[in-house]
Structures are given as C-alpha cells and as structure tokens.
Asker: 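My structure is below; once you've seen it, I'll send some questions.
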Amino acid sequence: MEYKFREIEKKWQKYWEDNKTFKCYDDTSNPKKYYILDMFPYPSGSGLHVGHPEGYTATDIVARYKRMKGFNVLHPMGWDAFGLPAEQYAMQTGTHPSVTTRKNCDTFRRQIKEIGLSYDWDREINTTDPEYFKWTQWIFIQLYKTWYDEKACKGRHIDELQVPDYIRKEGKDAVEKYINDKRLAYYDNAQVWWCSSCKIVCANEEVLTDGTHEKCGHPVTKMNLKQWMLRIPHYAERLLEGLDNLDWPEGIKDQQRNWIGKSTGAEVDFMIDNTDLKITVFTTRPDTLFGATYMVLAPEHELTRQLTTPEFKNKVEKYIKDSALKSDLDRTDLAKEKTGVFTGAYAINPVNNKKIPVWTADYVLTGYGTGAIMAVPAHDERDFEFAEKYGLPINCIMKPDTNDEELKERIVKGEECWTEDGVYINSSDTVTGIDINNLKKDKGIEKTIKWLEDNKRGRAMVNYKLRDWLFSRQRYWGEPFPVIHWEDGTISVLDESELPLELPDMEKYEPGENGESPLANAGNWLNVVDNNGRKGRRETNTMPQWAGSCWYYLRFIDPENNQSIFSKEKEKYWMPVDLYIGGAEHAVLHLLYSRFWHKVLYDLGHVTHNEPYLKLFNQGMILAFAYETKTGAKVPGDMVEEKDGKFFHKESGEELSQIVAKMSKSLKNVVNPDDIIESYGADSLRLYEMFMGPLDASKPWDEKGVKGVFGFLTRVNRLFGNLDNITDEKDDKDIIKALHQTIMKTGGDIENLRFNTAISSLMIFTNLAIKKGKVTKETAMTFAKILNPFAPHLAEELWQLYGNDKSLAYEQWPKVNEEFLKEDTFEYPVSFNGKLRFKLELSLEMPNDEIESLVINDERSGKWLAGKKPRKIIIVRGRIINVVV
RNA sequence: GCCCGGAUGGUGGAAUUGGUAGACACGUUGGACUUAAAAUCCAAUGGCCGUUUAGGCUGUGCGGGUUCAAGUCCCGCUCCGGGUACCA
C-alpha cells in the first residue's frame, strides 16, 4: 500500500472544510467546555516558519483529543494584523497596508489549513477589521471612563467618582483636572523614548537595555510629547496576587512578578535645614536611618533647583543640564561610574536631628519611588560606591552576621558595605526617643516604621516598578483613538454609536519629523466641528499593536456580534481560556497588558472571571543546525557539504563544526513548512514537530528526523491501510495489552502536553503489530482513534477504509480496560549492594519470606554472597530486589 | 550582579518522580532483496576489558554528602540558554 499522503491530506482537508466538521456551536447545555487558544500570529510577509506549527499542532492535538472526550471545544484562529512592516511597505510602494495585510493573511490561512489544524474558521478574526477594532476603541472608551477606587480596590465608572468640596470650590477647571487625573486612560506630556529610524515613540518595554529599539536596533532618544497613557500601576497588586492561582510556568510568573517589582518599606520625610521644604524618600530599609549620612535627589526632582544654595547654583545647573543630555546617550554609560554634585543644602535626619548634606546625582531615578533617597553607604552598595568617590561619611550601624572576623571589623569601621542582616549598633537617640539597638532587621524595620508613624515623620509604604503604560504611537496602521481634541482645550471621546472610527485613505504614509503621526495630514478626516460650531481635531496617534491582542480571546467567543462586544451568556459559558499556548517572548508584555484589561472589564461587570488564561504553556524555540569555522565565522548552509559525518566548506575545504543557532536568512538555515508538507506531508510535519522533544524545550530542526516519522507513518499505512492485514481471528493477548497500554499512555501524555512520549508509544505499538502481521478490525479501529489527534489525515483515511462513513473527529476516545493490563508475575532485577546481577521472574502475589529464600538459594547468588549471610534483603514489590551483603 | 531554566550515547531525546540508565527515533555497521542503486526488511549498536562459553569493570557537566539504592534528594562549583539591571 503506497502512502499517498498528498492525496489523502487534500481529500480530508476538503472534507473537513465542506462539512464544517470543526464548526463550534455555543451549546451551553454541554457543561463540558474547553477553550483552547493559540497566540494568534502577526501575518508577516515571509509566511509561516516551522516555529508557528509547533504551538499550533500542540493545541490541535489537545483540541482533537478533547472533542473525542466529549468536550465542546472552542479552538479559533485569527490575525494580529496591525503593525509596522505593512506600513513601511506602504511608504515604499504606496500600497495600502490593508492590501498587504489581506494578502499576508491569505498566505497564512492557506499555510495553516494545509497543516490540517481543526480551527473553526467561521470565527476567524482580524484586528484590522473595523468590525473588530470598533470594540478595541470601545474598550479604550471604557478605560477613559473608569477610575480606580483604592479603598474598594476596584475600577469604577467615572460618574461614581466623588469630587471633594475643596476642589469644587476651585471651579470647573479644577474639577475637570481632578477627574482627568483619576481616569485609567489619560492624555499628558510624557518624556518618551523616540526612535528616529522608525519615527515612532516606544514603550519602555520596547527599549532594550543597551538603549536601542528592539524592532530595528537603532538607538532611541528622549523626547517630550503629549501621549495617551494607561494607569496600569493601580492594578499592580491585583496583577501580582492573581498570579498565585494560575497554572502557568513558574518562570513566567516570576518574570511578571519581577516586572511588577513590588517592594515594601516606608516613606520618610526629611526637613531641609533653614527652610520649610520637605524631601520625602522611599526606602525599603527605614531601619538604617541612623546610617543615613547624606541625601540624593534625582536631577529632575522638582526640589533640586529650589533648595540649591546660591554658591552651588552654577554647578548644580550644569549638572542638571549635563545629565539631561547624558540620558540621550547610551543608557548603559550611566551605569558605569556614578556622578553627582552637592547642592549646598542640608536635611535633618528625623531619627537623630543630625544635619546631612543633600546632593543631586543621576544614579537616583526620577521615575521610581519619590525620585529622592536617603543614602546609607554602610549598608547599600550604590551609596557606598558614591560615598567613597566623594568622601562622604560611612557610618556602620549594624554588627554583621558573619563569622569572618576580619570582614566584620572592616564593616564596623565603614571600610566595607554590608547589606545582609545583623544586630544594630549606634541606633538610638534619647531626644527623639527611638532605640532599635540589639534588634535584628525584621524587628528593626517594624519598630522604626511604628516610630515614624507615631511621630508623623513617615509611613509604611509599598512601591512598584511598574509604570504607566504609554499607549499611543505616531503611526497610521493602528486603531485610531475615538477622541477629539477641542479648540477650548477639552477632550471628548466618541459616543459608542459613532464607532468604529475608521482610518482615512491616505496618499502618503510618511510620519512627521517631530513625532507627528501620518494622520495629521488627513485633512477631511482630521477636522471636526460640533453642533455649536466649536472646532476640534481628531487624535492623530494610533494605538500600539498590543491593543488588539489584549482582548482578542474575548471576541472569539462571539465574533459576529454587532450589538455588543460579546454576549454575556456566551462569555459566561466559554471563559476563561482553559489552555493558552504561545511563545515565551510574550511572558511579560502581552500577558500583563491582557490581564490588566481583563481585570478592568471584570470590575465593570463585562466579564465573569478575574483572570483570562487559566493554564499557560510556552513552546520552545525551534533552532537549526549552522556551521562555523575554527575562528567562529558562520558559514551559510548552502556552502557546507557533509562527508562521513564531518562538515566541510564547499569552496575552501576547511573542516567546519556544527552548531545550533536560531534560524536566519543569513545562515540559510530557515525551514519552510510548505516544503516539508510537499515532500513528507502534513501528518509528518505535525508528528515531527511534536516528536522532536518536550514542547517547552528549544531544539534543533533536523530533516533526518522528519524522515523518521515519515517512515513510521508509511509503516502504519502499510499495515493498517491494507484490509488483507485485518483478520477476523482473535488478537494475541500481548497485542491487546500493548494496545491498552498505548491508549493509556497517549491519553495521559496529551493531558500533560508530553507529545513526544505519546508518539513514541504509538511507534512501540505499531512495531509490535507489524511483527504480528495481522490485527483485528476492532484493534485497527482503536488504533485509528488514538492516532487521530496526531496524524488526523491518515487516521481519517484508515477509519473510512474500515467502512465508517462519518469523520472520526467526534468518535469517543477509547476506554482503557484495566483487565488487559493486569500482570501476575514480574521479572525482578536482583541486585547485590545496589548492583544489578541477574533477573528473576516471580509471582507478584508471592510473600516476602518466600522471595527471600528463592533469591538466597538461587545458584547465581552464590558468587555474590560468597558464603556469607545477607545482612538485609529489600523487596519493593513489582520494582526491585536488593540484597545487602 | 540578581531571578529563572538547562547539562544524559555519535545526534534528538526517554526514565513510573529515589528503584533495571539510554525507551522511541536518527545515524552508523553488518546482512537480505536487486545486474546495480534507491526504497524496504532483518540484526547489532554507551565506553573499556574479555570472549570457545561466560562474564566483568565503568558510565547521566565537576567535587563532596545522605541512602540498602541517586540522572533523580542535600551542600559546594563549572559551563550554556533566557529574563532583568543604579528600582533605593
């Protein structure tokens, strides 16, 4: 039987499409629902690469399996189609981005369909479709109309915000400002990262640590622009807590926790000597107040100029200017050597009323905490480094917990910094009444905070690294903001009935030089006049690409609804997403933003669950072999030839070493799924992607492996695809046992996303069945069922061959019959002092004393006992026997 | 620096979570079929020693430890990958 994979695969893909086999109905009467989601792709111009089908195949296997287990499965696909490349292409060629996008989506859809993935294509969505982004704009309006009630820890409608009387007394503008300052979405001046190559503002998250733009590698600079921002930090605590109950990889949760960056400590107020100015600092170590020997303000801090004394004015001004310039340079330079200048001012340390100098230095960041610190050089490494450089006093206030006496002495003398725990010294003051001497860190912090609060010098405080989310981009190809800026300086959002606000057609897509979006040139679209003749201008920025992907999982639930974002009943039925699979590169941004929006929607009563994604799994990256010379120079794949397992440069003949690297055009090692499907078929592609190794591991692509699984499918087809091999006689006991073991193994492995071992068990069974040569129809049909999630085309073909006229997509997953798995005997490995010596087949019922005597009296034991009596015999039933001599 | 992963044959990877290390597959070698090659099938395959028959030693990045028993647990390292970075 020839394995005509192309024929079979085309036939079944057409069948599934014609019969809408995988159409998903909102059958709310079935209590078993399963929502399984892929991270939808950005449809790039280069089409699918082999990394995409990895995650898609994994979810497809689970989806097909769950259907066979009787679940109502929601398994949709769509396109995250706003993005820069289509716009850049438009600039070069004048082609409208929507044309490019449609073409790319068509390619992606065709490629994905050829893999035989069981999506419900009737639910396909596209973030660039006005019917979709209408609701993205709608959510933005909700964010604009929401404030965060810190007492209730929840977002509420802006109409429910009580404006205090003292604000009301100040008039309409003050009220307006008060309200705007509370909105989750707000418009304000912001210092932003600007990429002059892409002519775009970047979120902090899009700037790499070396100060370059992650998209293009060009260095970014700072710029002040009016921007839309989202107050995600209000949700920091809930985003943090919410992680605890999610079935996500711990590493991803840790990354989110780090990103949110919660730290607990206190705010402390320092009065400036001879003024009534006050500096408030945030510190996690209020217990070290006695060691504070100076203070530092960020150069941008509003008090820096104010408290500088005349004689230091010039120096400080220069420093402020220099550091503003400096932040335009490579940011890593900042990290190297600390600089700063004295302001001439002194602050009063509240715990002992001592005067300490106030400096300004750019190692203190303006965006974190209060932008000012108390410096405790003896117990903070950054402060220590700074103090050493500028000769500031270093006062040790803690006897360190260390047995290194020499180190201890150096620390107490202030020659070394100690940041760990210890016992306080020099930490009391009779005037202020605080005394933490002889305490340790935890108690010291506690007691100091109490003292600060009792004396109104500070308060317990929690700080987060998470900043406001910069939410606008100077781009054409994104969701337009449903916002009008009026000539009187007010802002209004569109009414829901005016949505969607579509993009205007443009002739040119070039952005302006100074952060102006291309939309600023769309005259007709841009200018509006209200009923009273008031002139206004639409917002010309568009939303970032994150916007569309923040909530797409909700639209899949009810993609054609034009009355509301989705029906409440359907949301209640389908949410939350039961399994979400995608790349780890979205560990922080997409997943955090998405959770944030979900929580806002939850607070406003639009969704029924607090978290969108119950279980998350990250597939590993698919790498490829690459070649390099002895000096480490990379050699493109087409310049390499293999001889006797060694690799040589085709031209120079130099021997090369094989390494594993990311697929890249320059290395010429990119694998195109289309080629694999053409040569080996979609089932082989699917099987190989899963057989390579654990789903979450990074692993190199090796075409020899594809040949391996292709060979397996060929053998499956040869045996099971030939009715001559289907017998009416009974199956042997061992094949029935193997079959049931395989059912159990594959089912369990699918549940645990361990597809490589599931496939291995299918191979083991097939190898045994081939040895037998014949199987019963019942066995063959069962095998087709368990093969189905992995290689659905071949499985359907076999199923039809056995006389079934319906697709096996909804056949019941076979039940494991424990009867067939029972064992009476076990071949025990018998070891002496832990070393395996021989094997002994024994009844599993046999009592221990009988086993012992059989082992001792076995002739093979004589050599190892050497006439001695064993000290102990350990018998683990069904496992092992170990004789201790 | 800090936070996560990881290291097992020539290669990708298994190992019931403390109980026969190397499942399954690739590759290699030998054989069958063939005029020949490809394809297919059968067999062998961690390393070393021994071999007429056995068999033995050794082996999961390195060094210690716990245990009747360690790839798996504990302590101390090395190397590789990812994230993050003056966050007070």
Side-chain angles (χ1 to χ4, degrees), chain A residues 208-209 249-259 261-263 265 281-285 288 296 331-332 334-338 361-365 367-376 379-383 385-386 463-467 584-585 587-588 618 620-621 623 625 644-645 658 660 687-688 691-694 696-709 711-712 714-715 718 745 748 754 756-764 766-767 770 827-839 863 870-876 878-885:
Chain A
L208 301 180
T209 47
E250 277 307 315
I252 299 292
K253 290 202 214 177
D254 278 342
Q255 273 190 55
Q256 292 218 350
R257 290 187 186 111
N258 287 341
W259 196 266
K262 178 178 183 174
S263 45
V281 303
F282 171 73
T283 177
T284 53
R285 296 291 305 272
T288 60
V296 187
R331 292 204 302 177
T332 47
L334 294 177
K336 281 174 189 159
E337 179 137 1
K338 292 181 181 28
D362 62 9
Y363 83 90
V364 173
L365 307 174
Y368 183 78
T370 61
I373 62 157
M374 63 177 207
V376 185
H379 305 289
D380 181 286
E381 293 194 10
R382 296 153 301 182
D383 298 341
E385 189 191 327
F386 192 80
N463 231 299
Y464 301 91
K465 280 202 288 187
L466 191 65
R467 313 285 171 84
E585 66 273 20
V588 180
N618 298 114
M621 208 186 317
L623 308 168
F625 291 122
D644 303 327
Q658 191 182 54
V660 171
L687 224 49
Y688 178 61
F691 187 61
M692 289 172 85
D696 56 353
S698 295
K699 52 234 159 196
W701 184 272
D702 185 359
E703 189 158 337
K704 283 174 186 148
V706 189
K707 280 188 187 161
V709 294
F712 162 67
T714 308
R715 286 190 291 278
R718 195 181 304 136
K745 177 81 177 143
R754 297 198 310 213
N756 54 331
T757 48
I759 292 167
S760 148
S761 72
L762 290 171
M763 289 172 169
I764 292 170
T766 304
N767 290 344
I770 287 172
E827 192 182 31
Y828 282 94
V830 181
S831 49
F832 290 78
N833 292 337
K835 289 194 179 185
L836 174 69
R837 296 306 176 185
F838 60 87
K839 290 184 183 173
K863 183 173 174 185
R871 278 200 294 161
K872 201 176 178 186
I873 299 182
I874 287 141
I875 298 166
V876 185
R879 278 282 140 78
I880 199 167
I881 297 167
N882 190 20
V883 184
V884 186
V885 189

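Both backbone and side-chain heavy atoms feed into the values below; hydrogens, waters and symmetry mates do not. Naming convention: chains lettered A, B, ... in sequence-line order (proteins, then strands); numbering from 1 in each chain. What you see is a predicted model; the values in this text were computed from it and never measured.
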Asker: Assuming nearest nucleotide by heavy-atom distance, tell me which of A/Asp254 and A/Lys704 is located more 5' along RNA chain B.
Answerer: A/Asp254

Asker: Using the P atom as the point on both nucleotides, what is the distance between B/G83 and B/G76, in whole Å?
Answerer: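 The same atom, P, in both gives a distance of 27 Å.
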
Asker: With respect to the phosphate group of B/A88, does any side-chain polar atom (N or O) of A/Ser263 fall under 4.0 Å of OP1 or OP2?
Answerer: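 For B/A88, OP1/OP2 do have a side-chain N/O of A/Ser263 under 4.0 Å.
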
Asker: Does the structure show a Watson-Crick or G-U wobble partner for B/G46, both distances under 3.5 Å? Name it, or say none.
Answerer: B/U58

Asker: Rounding to an integer number of angstrom, what distance separates B/A21 and B/G46 when you compare their P atoms?
Answerer: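 Comparing P positions in B/A21 and B/G46 gives a spacing of 14 Å.
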
Asker: If only side-chain N and O atoms of A/Asn258 are considered, is one of them under 4.0 Å from the OP1 or OP2 phosphate oxygen of B/A85?
Answerer: no

Asker: Taking A/Lys699 for the side chain and A/Ala697 for the main chain, is one N or O donor matched with an acceptor at less than 3.5 Å?
Answerer: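 Indeed, once roles are kept as given, a pair shorter than 3.5 Å links the two residues.
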
Asker: Which is it for B/U17, anti or syn, if anything within 90° of zero counts as syn?
Answerer: syn

Asker: Students often get this wrong, so: under 4.0 angstrom with heavy atoms, is A/Pro249 touching a base, only sugar-phosphate, or nothing?
Answerer: nothing

Asker: Expressed as a whole number of Å, how far does the C1' atom of B/U58 sit from that of B/G9?
Answerer: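 Roughly 14 Å separates the two C1' atoms.
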
Asker: Whom does B/A88 pair with, Watson-Crick or G-U wobble, provided both distances fall under 3.5 Å?
Answerer: none

Asker: For A/Val281, which contact category applies under a 4.0 Å heavy-atom criterion: base, sugar-phosphate, or nothing?
Answerer: nothing

Asker: Looking at B/C68, which nucleotide sits across from it as a Watson-Crick or G-U wobble partner, both distances under 3.5 angstrom, or is there none?
Answerer: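 Answer to the pairing question: B/G19, which forms a Watson-Crick or G-U pair with B/C68.
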
Asker: What nucleic acid atoms does A/Asn767 come within less than 4.0 Å of, heavy atoms only: base, sugar-phosphate, or nothing?
Answerer: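 Sugar-phosphate contact only - A/Asn767 comes under 4.0 Å of backbone atoms but never of a base.
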
Asker: Other residues, nucleotides and ligands only: do more than 12 of their heavy atoms fall within 6.0 Å of CD on A/Glu585?
Answerer: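 Result for CD/A/Glu585: enclosed.
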
Asker: Touch check for A/Asn882, heavy atoms < 4.0 angstrom, all strands: base, sugar-phosphate only, or nothing?
Answerer: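 Here A/Asn882 touches the bases of the nucleic acid.
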
Asker: When rounded to the nearest Å, what value does the distance between P atoms of B/U51 and B/C42 take?
Answerer: 33 Å

Asker: Does the side chain to side chain donor-acceptor pair (under 3.5 Å) test come out yes or no for A/Tyr363 and A/Asp383, once each step is laid out?
Answerer: CA-CA 9 Å; A/Tyr363 83 90; A/Asp383 298 341; 2.8 Å; yes

Asker: Compare side-chain N and O positions of A/Asn833 against OP1 and OP2 of B/A69 and report whether any pair is under 4.0 Å apart.
Answerer: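 Answer is no, no contact under 4.0 Å.
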
Asker: Are any side-chain N or O atoms of A/Asn463 and backbone N or O atoms of A/Ser263, one a donor and one an acceptor, separated by less than 3.5 Å?
Answerer: no

Asker: What does B/U40 pair with, Watson-Crick or G-U, if both distances are under 3.5 Å?
Answerer: B/A32

Asker: Suppose we call a contact any N or O donor and acceptor under 3.5 Å apart; does that hold for the side chain of A/Arg718 and the base of B/U40?
Answerer: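 It does not, because no donor-acceptor pair links the side chain of A/Arg718 to the base of B/U40 below 3.5 Å.
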
Asker: Is there a side-chain polar atom (N or O) of A/Arg837 under 4.0 Å from OP1 or OP2 of B/C57?
Answerer: yes

Asker: Pick the C1' atom in B/A25 and in B/C2, then give their distance to the nearest Å.
Answerer: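 Their C1' atoms lie roughly 40 Å apart.
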
Asker: Please give the distance between the C1' atoms of B/A69 and B/C24 as a whole number of Å.
Answerer: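 Here B/A69 and B/C24 have their C1' atoms 27 Å from each other.
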
Asker: Rounded to whole angstrom units, what separation is found between the CD atom of A/Gln256 and the C1' atom of B/G83?
Answerer: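 Computing the A/Gln256:CD to B/G83:C1' distance gives 12 Å.
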
Asker: Under 4.0 Å, counting only non-hydrogen atoms across every strand here, what does A/Leu365 touch: a base, just sugar-phosphate, or nothing?
Answerer: base

Asker: A/Phe691 near the nucleic acid: base, sugar-phosphate alone, or nothing, with a heavy-atom cut-off under 4.0 Å?
Answerer: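 Here A/Phe691 touches the bases of the nucleic acid.
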
Asker: Counting the atoms with a prime plus P, OP1 and OP2 as sugar-phosphate, which does A/Gly708 contact under 4.0 Å by heavy atoms, base, sugar-phosphate, or nothing?
Answerer: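 Sugar-phosphate, no base atom in range.
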
Asker: For B/U78, what is the paired nucleotide under Watson-Crick or G-U wobble rules, both distances under 3.5 Å?
Answerer: B/A7

Asker: Any side-chain N or O of A/Lys835 under 4.0 Å from OP1/OP2 of B/U58?
Answerer: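 Result: yes.
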
Asker: Heavy atoms only, 4.0 Å cut-off, all strands: where does A/Ser698 land among base, sugar-phosphate and nothing?
Answerer: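 Result for A/Ser698 = sugar-phosphate.
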
Asker: Using the C1' atoms only, state how far B/G71 lies from B/A15, rounded to an integer number of Å.
Answerer: 9 Å

